[in-house]
Trainee: 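I'd like to ask you about the structure that follows.
Residue numbers begin at 1 in each chain, while the letters A, B, ... track the order of the sequences.
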Number of protein chains: 2
Amino acid sequence: MPLFLSTTTNRVDRKGRVSVPVAFRSSLPASGYQGIIAYASFKHACLHGADLGFMEQLSDSIHGDFGLYSDENEALANAILGSARQLSFDPEGRINLSKDLMDHAGITSEATFVGLGKTFQIWEPAAYEAHRLVQLALAKTKAGELGPIIRRGD
Amino acid sequence: MPLFLSTTTNRVDRKGRVSVPVAFRSSLPASGYQGIIAYASFKHACLHGADLGFMEQLSDSIHGDFGLYSDENEALANAILGSARQLSFDPEGRINLSKDLMDHAGITSEATFVGLGKTFQIWEPAAYEAHRLVQLALAKTKAGELGPIIRRGD
DNA sequence: CATATTTGCCCATGATATCCCATAGTGTCC
DNA sequence: GGACACTATGGGATATCATGGGCAAATATG
């Protein structure tokens, strides 16, 4: 299970290529699929990134044990799995962002990768900075809950 | 599980390298990841340090079973995991503080490592001294509660 | 079928980080 | 008290990363 940490901003060249930060690449299994999965967030103007294993788990959760799913789950499947793209690394560790993904996040010449543990996000830098400040304020008000969260993991 | 104790101030050279105190290094598992994780505190102008296992637990707690998390947890993931960096030891036991981490803590030429048990903090020395005095005063007013705290830990 | 357009691979480059060695100060052990 | 071990620190050499351009195969377009 990968652990995506840190925030990095990289350039998107005219071909739509972006280097995935090494910190993220080295967190992926060396012997698995050499690439990532990206899908449009339906909550923010950003992309969600994950490894293949995570998406398989997600697919399992949505479908349930018998492949019969509710309307809500079908909606989830459409929103997430439908917009998901499998993005392979080129020999230099870059991915090619497709036009629809870039449009959804408003990405043009730069992309910010934000590690969130098991997943990460890809943002247009200015949009992320605004989002980050909001999230930071929210985190401060919830700081008191950090203790319980950690203890739960023990 | 590491136990970080004591306070040490070390020099930051012009490349941004700092020696992690031996007391901290030897507390880490010899056969695990050779390095630490550091992230920006959203409460103080300092950095938090922890070992990899601690961050994995934190990531698990924040994500829950599914990977779709609450707004509060997403905010925490942004503030903590987004600012976290995996800092490997060089052969001499030093880490490389990235520019944004140094900026957050106001660190320039020296860094103070403060052991807090399972985690530790990294401060700009003068800022820590000021913080320490405040904490000390606070501790005195709470002295009556120390007994119960110790008993609880037994 | 000829011609654009994309897609992926290979190489070159500058910036950065990593490794390796050298030194000085400190404490430890005979 | 003197030799030794180890930590902290600094500098120079080397490897790695992010980035851009060019080329060729695959695909689309007329």
Side-chain angles (χ1 to χ4, degrees), chain A residues 2 4-28 30 33-38 47 49 85-103 107-115 120 122-125 128, chain B residues 2 4-28 30 33-38 47 49 52 84-103 107-115 120 122-125 128:
Chain A
F4 300 110
L5 299 174
S6 87
T7 299
T8 315
T9 298
N10 284 341
R11 282 193 63 76
V12 179
D13 69 18
R14 75 182 74 171
K15 292 181 180 180
R17 297 179 297 187
V18 216
S19 286
V20 175
V22 241
F24 287 18
R25 266 182 279 153
S26 56
S27 157
L28 295 168
Y33 166 62
Q34 285 311 95
I36 58 157
I37 316 292
L47 309 177
R85 297 267 178 312
Q86 209 162 334
L87 306 175
S88 304
F89 295 141
D90 74 3
E92 282 75 38
R94 289 175 288 198
I95 54 173
N96 223 314
L97 290 178
S98 64
K99 192 170 181 314
D100 53 342
L101 288 181
M102 288 180 69
D103 284 349
I107 294 171
T108 55
S109 67
E110 288 193 316
T112 299
F113 291 77
V114 184
F120 59 92
I122 308 176
W123 287 80
E124 192 282 320
Y128 175 64
Chain B
F4 302 110
L5 298 173
S6 84
T7 300
T8 315
T9 298
N10 284 340
R11 279 194 64 77
V12 179
D13 69 19
R14 77 181 73 172
K15 292 181 179 180
R17 296 179 298 188
V18 217
S19 287
V20 174
V22 239
F24 287 18
R25 266 183 278 153
S26 56
S27 156
L28 294 168
Y33 167 62
Q34 285 311 96
I36 59 155
I37 316 291
L47 309 177
L52 192 55
R85 264 148 228 284
Q86 210 162 334
L87 306 175
S88 305
F89 296 140
D90 73 5
E92 282 75 39
R94 288 175 289 197
I95 55 173
N96 219 317
L97 289 179
S98 63
K99 192 173 179 312
D100 54 342
L101 287 181
M102 289 179 67
D103 284 350
I107 294 172
T108 54
S109 66
E110 287 192 318
T112 300
F113 291 77
V114 184
F120 59 93
I122 309 176
W123 288 81
E124 193 282 320
Y128 175 63

Trainee: Are the side chains of B:Phe120 and B:Ile36 in touch, meaning some heavy atoms are under 4.5 Å apart?
Mentor: yes

Trainee: Examine the base of D:dG21 for any acceptor or donor lying under 3.5 Å from a partner atom in the side chain of A:Arg14, and report the outcome as yes or no.
Mentor: no

Trainee: To the nearest Å, give me how far apart CZ (A:Arg11) and C1' (D:dA18) are.
Mentor: 11 Å

Trainee: Distance check needed: D:dC6 C1' versus B:Phe24 CZ, whole Å only.
Mentor: 18 Å

Trainee: Could you tell me the separation between the CG atom of B:Asp90 and the C1' atom of D:dA8, rounded to a whole number of Å?
Mentor: 11 Å

Trainee: A:Lys99 NZ to C:dT7 P: how many Å, rounded?
Mentor: 13 Å

Trainee: Rounded to the Å, how far apart are B:Gln86 CD and C:dT18 P?
Mentor: 11 Å

Trainee: Just the rounded figure in Å: distance from C1' of C:dA12 to CZ of A:Arg94.
Mentor: 12 Å

Trainee: Hey, which of these two, A:Phe89 or B:Ser88, hits DNA chain C nearer its 5' end, going by closest nucleotide?
Mentor: A:Phe89

Trainee: Check each of A:Leu87, A:Leu28, A:Asn10, A:Ile95 against A:Val20 using the side-chain contact (heavy atoms from CB on, under 4.5 Å) test, and report the only one that passes.
Mentor: A:Ile95

Trainee: Strictly distance-based, threshold 3.5 Å: is any side-chain N or O of A:Tyr33 a donor or acceptor partner for the main-chain N or O of A:Ser88?
Mentor: yes

Trainee: Examine the base of C:dC21 for any acceptor or donor lying under 3.5 Å from a partner atom in the side chain of B:Glu92, and report the outcome as yes or no.
Mentor: yes

Trainee: Round to the nearest Å and state the distance from A:Glu110 atom CD to D:dT19 atom C1'.
Mentor: 12 Å

Trainee: Would you kindly check whether a donor in the side chain of A:Lys15 faces an acceptor in the base of D:dG21, or vice versa, at under 3.5 angstrom?
Mentor: no

Trainee: Restricting to non-hydrogen atoms, name the atom on A:Phe113 and the atom on A:Val18 that form the minimum distance, rounded to 0.1 Å.
Mentor: CE1-CG1, 4.0 Å

Trainee: Which listed nucleotide (D:dT19, D:dG12, C:dC20) is nearest to the side chain of B:Pro91?
Mentor: C:dC20

Trainee: Starting at CZ of A:Arg25, measure out to CD of A:Glu92 and round the result to the nearest 0.5 Å.
Mentor: 9.0 Å

Trainee: Touch check for A:Val20, heavy atoms < 4.0 angstrom, all strands: base, sugar-phosphate only, or nothing?
Mentor: sugar-phosphate

Trainee: Any N or O donor-acceptor pair linking the side chain of A:Arg17 to the base of C:dG8 at under 3.5 Å?
Mentor: no

Trainee: For A:Asn10 and D:dT19, is the shortest distance between a side-chain N/O and OP1 or OP2 below 4.0 Å?
Mentor: yes

Trainee: What's the closest nucleotide to the A:Arg25 side chain, out of D:dT9, D:dA18, C:dC10?
Mentor: D:dA18

Trainee: Whole Å only: how far is the CZ atom of B:Phe113 from the C1' atom of D:dA8?
Mentor: 12 Å

